[in-house]
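Below is one structure; the comments refer to it alone.
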Amino acid sequence: MNLLTVPVLLPMLGAALTLILGRRPRLQRLVSILVLVGVVAAAGTLALRAHADGVQTLWVGAWPQGYGIALVADRLSAIMLTVAGLVTLAVLVYSAGQEEDEVRKETPVSIFHPTFLLMCAGVSNAFLAGDLFNLFVGFEILLFASYVLLTMGGTKSRIRAGSIYVVVNLLSSMLFLIALANIYAAIGSVNLAQIAQRMPDLPDHTQAQLQFMLLLVFAIKAAVFPLSAWLPDSYPTAPAPVTAVFAGLLTKVGVYAILRTQTLIFPHRPLTEPLMWVALLTMIVGILGAIAQVEIKRLLSFTLVSHIGYMVLGIALATTDGIAATIYYTAHHITIQATLFLVAGLIQRVGHSNNLDRLSGLMTTSPLLAALFIVPGMNLAGIPPFSGFIGKLGLLNAATATGTPLSLALVVASVLTSLLTLYAIAKVWNRAFWGTPVAVAHVDDEEDEDDEGSGRLMPGVMVGATLALIAFSLTLTFVAGPAYDYTKQAAAALLDGAYVQAVLGEVRP
Amino acid sequence: MSGNLTLAIVAGVLVASGVYLLTERSLTRILIGVLVMGNGVNLLFMLAAGPAGNPPLLGMFPTESMTDPLPQAMVLTAIVITMAVSAFVVTMAYRSFQLNGNDEVSDDVEDRRIRELAERDDVSDSYEDTSFSDAGEDMVSE
């Protein structure tokens, strides 16, 4: 079996197996964890191979080249796959710890693992897809699993949040299909490499239309500013592990798709100015939303929107430095945002609330929790030693190197956003962790769904999984040199057309 | 490539009706909107396949006269996905009906809260609370 199929097929097989094992929770958890370990191993190997031997390609089903469906792993795909695999693994371990510890009354536990694994399969498929239609299928798999995960348990607030999420994504899927039909009509292929070859021959207005449609679709998925309103409303109601993996991965799949199409299909039309405006607005509007929130999960959702702006900035610059910084920043942000949502889940358990008005003195109650929060919190804000700082510095350097007034304005906006993120984190810190601990008279409020830890407040497995993610983000900091080199080469390869060469070989159709 | 005008107009009307239904509040109508729109999009794929020809069966017809089979394969995938989506949305609408007595998509909770505050010309709870409780005197607001 070719290694390229493993990250897609293994989770699918795992999903089938865990569905059969629905009545044996322990075995189910073991299978899911083993499957994800396998995915991480395969992704890691792919990353090394893509680095050593160049772009890895597989034409599925042994059709003649150019006709079948291609799976392609270059450095960018491989990095995304590896980071995504590690984060999902940690989140799964966390949720396994949570399940072990709780008696879930309302949730049909048996369905969680199969759905979660299917989502991983969808994410992997989207990262490896060598043609646009396969990318669409990958999106649909992960979206479908995410609909189920988001409405799991079917409580009132989750159905409310879920219906908004589902409707928005249905619309974006329809738009994607329309874009695909247009591209097929204009180009006669949906293979990314072939589209890349033939796109420059099209009339300018056709290119502009296709580019706009693709950007629109992926911007909805990535929650880029004018299209981001659905995100902070739908994510916070889900259980902590689900929100963590959504926040970490799903929007980044959108960012990946923008990055891939912009660098591969439209390298001659970088759209620098409009994308920069969008990035600027995403950063500022997102973070202003965040500092107004009193609910930790909502606050984090807004910071998520805001920081997507940084990635869009790198894509807009369309220079090797900008794209390298974006890739590094994306890897960092997947990890850190997932970690923060996991910590929010722990806060919920310890403080019985995620609302800053009801939390106080967690520092006294649980110093460990405080440590778990402050490290990724500072990292998100981009305080110097951490990986967030390195990614932001790369982006700022790339923006100053361009030197247009707009890119300098973006430098200012990035720094401002970074400061305001620090303010938002400090707000959580001041109000939830400092002060005198409140005696928790157990309040029955609308957030009760995630609650009811019947056992210890901070089970070792959950803390361990969170610590592992923090350790991974610190690793990104410590090995920043080699990691950054890798992303630099990934970015250079994106811009020099190695992808098309590797997929289609020497033959030009 | 020459297109079929009838097909294009029908696809346009279907998509437009779908979009109109999508702006409704009731999940059932939204679902119908998605189905109508989905069919419009499928027609668009047929349009992308170019002029209609013979069935793409090797050995029975000359290759030049065949219809392009690839868009049909894509439409098939899209139909399957739409079917799964409708099953899910129907379930969700029913659950919403069980819980709320209707199947309407409601507003963002936060938006609603802010609008109510604005109508009352009030400030939010979090604003009033901006004091450092550890010192007890470092009042920021007021």
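We name chains A, B, ... by the order of the sequence lines, and we start the count at 1 in each one. Quick caveat, the model's predicted, so the values are computed rather than measured.
- A cation-pi geometry, defined here as NZ or CZ lying under 6.0 Å from the six-membered ring centre and within 45° of its normal, does not hold between K297(A) and Y235(A).
- A pairwise comparison of heavy atoms in A87(B) and T91(B) identifies O-OG1, 2.6 Å as the closest pair.
- Residue F133(A) touches chain B through its side chain alone, counting heavy-atom pairs closer than 4.5 Å.
- For a residue to count as touching a neighbouring chain, one of its non-hydrogen atoms must lie under 4.5 Å from one of that chain's; by this rule A93(B) does not touch chain A.
- In terms of the salt bridge (Lys or Arg N to Asp or Glu O under 4.0 Å) criterion, R95(B) has no residue partners (sequence neighbours excluded).
- In this structure, W429(A) and F433(A) have parallel ring planes: the angle between them is below the 30° cut-off, well short of the 60° mark.
- Within the 4.5 angstrom heavy-atom criterion, atoms from both the backbone and the side chain of S163(A) approach chain B.
- Chain A forms the most heavy-atom pairs under 4.5 Å with one residue out of L27(B), L70(B), N42(B), L22(B), and that residue is L70(B).
- No hydrogens or angles considered: nothing links the side chains of T151(A) and Y165(A) as a donor-acceptor pair under 3.5 Å.
- Using a 4.5 Å cut-off between heavy atoms, L170(A) contacts chain B through its side chain alone, with no backbone atom that close.
- For I183(A), no part sits under 4.5 Å from any heavy atom of chain B, backbone or side chain.
- In this structure, the portions of L44(B) lying under 4.5 Å from any heavy atom of chain A include both its backbone and its side chain.
- If you measure heavy-atom distances from V190(A) to chain B, the contacts under 4.5 Å come from the side chain alone.
- Contact tally against chain A (heavy-atom pairs below 4.5 Å) for D68(B), V75(B), I30(B), V15(B): the top residue is D68(B).
- Note: P71(B) leads P71(B), A78(B), G40(B) in heavy-atom pairs under 4.5 Å with chain A.
- Proximity of V41(B) to M174(A): side-chain heavy atoms (C-beta onward) are separated by under 4.5 Å at one or more points.
- In this structure, chain A has no heavy atom under 4.5 Å from any part of V19(B).
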* Between F144(A) and Y147(A), does a ring-ring contact (aromatic ring centres under 6.0 Å, His included) hold up when you go through it step by step? -> CA-CA 5 Å; F144(A) 228 94; Y147(A) 299 158; 5.5 Å; yes
* To do: Decide yes or no on side chain to side chain contact (heavy atoms under 4.5 Å, CB included) for V168(A) and S172(A), but give the supporting numbers first.
  => CA-CA 6 Å; V168(A) 169; S172(A) 82; 5.7 Å; no
